[in-house]
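Chain naming here is simple, since letters A, B, ... match the order of the sequence lines and numbering starts at 1 in each.
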2 protein chains.
Amino acid sequence: MRTSTDRRRGYASGDARRERILHIATQEFAEHGYRGTSLARVAERAGLSQPGLLHHFRTKEQLLVAVLELRDQRDMERFFADEAAGGLDLLTALVRVVEHNSRTPELVRLFVVLTSEAVTADHPAQDWARARYERLRAWVADALRRAAGAGEVRPGLDADATAARIIALMDGLQTQWLLDPDAIDMPALFRAHIDELLATLRPRA
Amino acid sequence: MRTSTDRRRGYASGDARRERILHIATQEFAEHGYRGTSLARVAERAGLSQPGLLHHFRTKEQLLVAVLELRDQRDMERFFADEAAGGLDLLTALVRVVEHNSRTPELVRLFVVLTSEAVTADHPAQDWARARYERLRAWVADALRRAAGAGEVRPGLDADATAARIIALMDGLQTQWLLDPDAIDMPALFRAHIDELLATLRPRA
DNA sequence: GTCTATATAGCGATAGAC
DNA sequence: GTCTATCGCTATATAGAC
């Protein structure tokens, strides 16, 4: 929460501190989950006291929400800066996303941990997780439908089902990969799936 | 921990109580994860005090281990009683597993929650989760290799990669399904994947 | 085998001074 | 905006009586 005094002064230090807190909180939530993360530890690593931290984020839950919002925003920027992939190009763009993910395990861990923690009772990230999946599925399904409309795809494809399965595969591979990175070549496995999918999707393939 | 006194008396009540504790602990771990579960609540629901609970399981971690061991054992019994599926029959058997899972959401939740919680730092279920995936992958991959040896499958199949992808899909669908059961028809989506896989696998398909 | 009582520690959040 | 001090609560685990 910025005050008008901050704003008059340019609020540089306030925003920098806020950013730093969010950065560290992201790491801690990824490492220990929401329940396993302690505000005192986040505060200590950010170089302020625990009540000092709660001056910027009134509750632990608000800190989590801020972390999730920042991540969603950054991911969107990253993807749409890459390209506005319509139709089947989206699938090869997703392969690049997975390749990028394999270089940032801590962010992958954040999503895996929080998404699954969210299926427990009364978890503050529940609505976020549900909405995120809905958005992802709709996004992939729409691209498939556009591809079908453009004749890139043989008719009879169930776009929603295919979208759900692509996302499920991405997620499932992430968990196996985080637990045993040497045994699981996540990008190769995902690429193989997309390649096979494209082979069956294309008309007269 | 049974004592010799229990054993002489037939230890009926002791074992029954132990079973009851494990049953309730399974539900609690599924609902709240390991970190979110309180021994006091498990004890209360089991009808004894919290130190009374710790008489049967010396630590919270040992209670978790006992729950996981019991689940693994029950699942094995269930599957191998169903049939000893070798070769490609295993894949249709997996479809039946997913159908069964869709009728026991709480057990699915247990695995989803604990497996993902296990990717956090210093989690007591980490070794269990890693070993379980290794076992599952080897099991599916071996069946695929047997199918290839019997000529059921066209040559050139990467059994390990295919196994990892099948399991990843099962897992990813579970998460989406738990968050939004009405939007995700988990068994149908998994069956569709297996059907397509079988179509590409069979020689001259 | 189970209890009460308690040790010990950590948690999130608030009050109020500066 | 940040601090110290503290409240109120919950947690796991132990001691010792019965």
Side-chain angles (χ1 to χ4, degrees), chain A residues 1-22 24-25 28-29 31-67 117 120-125, chain B residues 1-22 24-25 28-29 31-67 117 120-125:
Chain A
M1 291 296 121
R2 276 180 271 123
T3 69
S4 54
T5 308
D6 291 323
R7 200 166 284 119
R8 257 181 266 113
R9 285 180 187 165
Y11 54 83
S13 89
D15 268 18
R17 177 150 259 185
R18 215 185 129 93
E19 290 257 323
R20 176 158 169 72
I21 292 170
L22 284 175
I24 289 165
E28 290 292 319
F29 284 139
E31 277 244 357
H32 309 287
Y34 175 72
R35 292 196 166 103
T37 290
S38 123
L39 292 180
R41 181 163 160 76
V42 173
E44 187 197 346
R45 288 189 54 199
L48 78 175
S49 69
Q50 181 252 15
L53 168 62
L54 286 176
H55 169 78
H56 296 275
F57 304 91
R58 295 169 48 91
T59 66
K60 187 183 182 182
E61 188 168 334
Q62 282 190 26
L63 176 60
L64 175 69
V65 169
V67 164
E117 209 179 4
T120 61
D122 294 323
H123 195 282
Chain B
M1 291 291 124
R2 277 182 269 121
T3 69
S4 53
T5 308
D6 291 323
R7 201 166 283 119
R8 258 181 266 113
R9 286 180 186 166
Y11 54 84
S13 87
D15 268 19
R17 177 151 258 182
R18 216 185 128 92
E19 290 258 321
R20 177 161 168 73
I21 292 170
L22 285 174
I24 288 164
E28 290 292 318
F29 283 139
E31 276 243 359
H32 310 287
Y34 176 72
R35 291 196 165 103
T37 289
S38 124
L39 293 180
R41 181 163 160 74
V42 174
E44 187 197 346
R45 286 190 54 199
L48 80 176
S49 70
Q50 182 253 11
L53 168 63
L54 285 176
H55 169 78
H56 297 275
F57 305 93
R58 294 168 50 92
T59 65
K60 186 183 183 181
E61 188 168 333
Q62 282 191 25
L63 176 60
L64 175 70
V65 169
V67 164
E117 210 179 3
T120 60
D122 294 324
H123 195 281

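- Across all strands shown, B:Ser38 has heavy atoms under 4.0 Å from sugar-phosphate atoms exclusively, and none from any base.
- Among C:dA13, D:dT2, D:dC3, the nucleotide with an atom closest to any side-chain atom of A:His56 is D:dT2.
- Between B:His32 and A:Ala121 the shortest heavy-atom distance is CE1-CB, 4.0 Å.
- Atom pair A:Leu39:CG and C:dA13:P shows a separation of 6 Å (rounding to whole Å applied).
- Among the nucleotides D:dT4, C:dT2, C:dT4, the one closest to the side chain of A:Pro51 is D:dT4.
- Between B:Phe57 atom CZ and D:dT12 atom C1' there is a gap of 16 Å when expressed in whole angstrom units.
- In this structure, the NE2 atom of B:His55 is 18 Å from the P atom of D:dG16, given to the nearest Å.
- Between A:Leu63 atom CG and C:dA13 atom C1' the separation is 14 Å, expressed in whole Å.
- Between B:Leu22 and B:Leu63, the closest side-chain pair of non-hydrogen atoms falls below 4.5 Å.
- Within 4.0 Å (heavy atoms only), B:Leu54 reaches at least one base atom of the nucleic acid.
- The shortest distance between side-chain heavy atoms of B:Leu64 and B:Glu61 does not fall below 4.5 Å.
- Side-chain contact between B:Gln50 and B:Arg41 is absent, with no heavy-atom pair separated by less than 4.5 Å.
- Between B:Arg17 and C:dT2, a side-chain N or O to OP1/OP2 separation shorter than 4.0 Å is present.
- Not one N or O on the side chain of B:Glu117 forms a donor-acceptor pair closer than 3.5 Å with the backbone of B:His123.
- Following rounding to the nearest Å, A:Gln62 (CD) and C:dA13 (C1') show an atom-to-atom distance of 12 Å.
- Of all nucleotides listed (C:dT2, D:dC3, C:dG12), D:dC3 comes nearest to the side chain of A:Leu48.
- At the phosphate of D:dT2, neither OP1 nor OP2 sits under 4.0 Å from any side-chain N or O atom of A:Ser49.
- If you measure from atom CD of B:Glu44 to atom P of C:dT2, you get 17 Å, rounded to the nearest angstrom.
- To the nearest angstrom, P of C:dG12 lies 9 Å from CZ of A:Phe29.
- Each of C:dG12, C:dT4, D:dT2 was ranked by its minimum atom distance to the side chain of A:Gln50; first place goes to C:dG12.
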